[in-house]
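Here the structure comes first, spelled out in structure tokens, and everything after it is commentary.
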Amino acid sequence: GAVVSQHPSRVICKSGTSVKIECRSLDFQATTMFWYRQFPKQSLMLMATSNEGSKATYEQGVEKDKFLINHASLTLSTLTVTSAHPEDSSFYICSGGRLAGYEQYFGPGTRLTVT
Amino acid sequence: GQNIDQPTEMTATEGAIVQINCTYQTSGFNGLFWYQQHAGEAPTFLSYNVLDGLEEKGRFSSFLSRSKGYSYLLLKELQMKDSASYLCAVRVFSGGYNKLIFGAGTRLAVHP
């Protein structure tokens with residue numbers, strides 16, 4: 001159990017366009033979902049935390065108007081990268097957590113390339 | 001501030017034992033995790049420590065000393081497939097919720 005999926009797994013977009021990434025918890029209710037970004041050979045950096053039905057909490061330095069997060073249900077969260085630029089090219093990973101329990105369950109990641 | 005340190009790279013021989021250290025200085029502590037990550041893939045959970053001592057799970061063991069801000073991951077009977085990055089992450093309670101702060105990761109190369 002505790003499977004998280006992400007879609008798409010890879011996406012290439014042109015500079016200035018927007019891209020939406022979906023994160024789904026397939027067999028559990030994720031009361032909290034986390035979005036991370038990982039640049040090559042670097043570790044995961046938390047971008048934001050969202051609780052179902054409320055606004056996301058963004059980490060310092062992450063632009064909330066550029067990285068729109070929606071957590072409309074207990075099984076779905078979306079991250080929209082608006083007006084993407086080449087420097088936004090990265091590996092985006094989501095994770096879900098249950099109300100009770102300490103573990104986060106990670107999705108397989110989305111490789112975004114902005115040309 | 002939050003600071004988690006671990007070696008950047010390590011090499012080891014197939015069949016041997018390797019210990020990956022992690023030291024942390026964080027505002028608040030609510031548990032320490034170790035994850036394995038292969039290139040281009042998501043992290044997979046290895047272990048969780050919240051109390052001092054050793055947790056053993058098959059070929060993997062993890063140790064925690066909260067007073068020293070120190071943990072290690074011990075991998076025994078190394079296999080080629082253990083070549084990966086190993087991420088140390090501390091869970092902290094901040095802003096009303098628990099979140100993970102990750103170290104930069106240790107890239108382990110296992111040689112025949």
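Just so it is clear, the model here is predicted, and its values are computed rather than measured. Naming convention: chains lettered A, B, ... in sequence-line order (proteins, then strands); numbering from 1 in each chain.
Other residues, nucleotides and ligands contribute over 12 non-hydrogen atoms within 6.0 Å of the CG atom of A:Leu26. Enclosure of atom CE in B:Met10 by more than 12 non-hydrogen atoms of other residues, nucleotides or ligands within 6.0 angstrom is indicated.
The part of A:Ile93 that comes within reach of chain B is its side chain, from C-beta onward, which places non-hydrogen atoms under 4.5 angstrom from that chain. Of the two parts of B:Ile101, neither the backbone nor the side chain holds a non-hydrogen atom closer than 4.5 Å to a non-hydrogen atom of chain A.
Cluster annotation: B:Leu87 and B:Phe33 are assigned to the same hydrophobic cluster (Ile/Leu/Val/Met/Phe/Trp/Tyr, side-chain heavy-atom contacts under 4.5 Å, transitive). Residues B:Val50 and B:Leu46 do not share a hydrophobic cluster, clusters being chains of Ile/Leu/Val/Met/Phe/Trp/Tyr side chains in contact below 4.5 Å. Connection of A:Val11 to A:Val81 is established within a shared hydrophobic cluster, with ILVMFWY side chains joined at heavy-atom distances below 4.5 Å, either directly or through further cluster members. B:Val92 and A:Met47 fall into different hydrophobic clusters, defined by Ile, Leu, Val, Met, Phe, Trp and Tyr side-chain heavy atoms under 4.5 Å apart, directly or through other members. Note on A:Val114 and A:Val19: same hydrophobic cluster, where clusters join Ile, Leu, Val, Met, Phe, Trp and Tyr whose side-chain heavy atoms are under 4.5 Å apart, directly or indirectly.
When each of B:Gly105, B:Ala39, B:Ala42, B:Gly103 is scored by its heavy-atom pairs under 4.5 Å with chain A, the top score falls to B:Ala42.
Here A:Lys66 pairs with A:Asp88 under the salt bridge (charged side-chain N to carboxylate O under 4.0 Å, His left out) rule; sequence neighbours left out.
When all heavy atoms of B:Phe102 and A:Leu44 are compared, the pair lying nearest together is CB-O, 3.7 Å.
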Between chain A and chain B, which N or O donor and acceptor atoms come closer than 3.5 Å?
unit_1: A:Gln38; atom_1: OE1; unit_2: B:Gln37; atom_2: NE2; d: 2.9
unit_1: A:Gln38; atom_1: NE2; unit_2: B:Gln37; atom_2: OE1; d: 3.0
unit_1: A:Ser43; atom_1: OG; unit_2: B:Gly103; atom_2: O; d: 2.2
unit_1: A:Glu59; atom_1: OE1; unit_2: B:Lys99; atom_2: NZ; d: 2.7
unit_1: A:Glu59; atom_1: OE2; unit_2: B:Tyr97; atom_2: OH; d: 3.4
unit_1: A:Glu59; atom_1: OE2; unit_2: B:Lys99; atom_2: NZ; d: 3.1

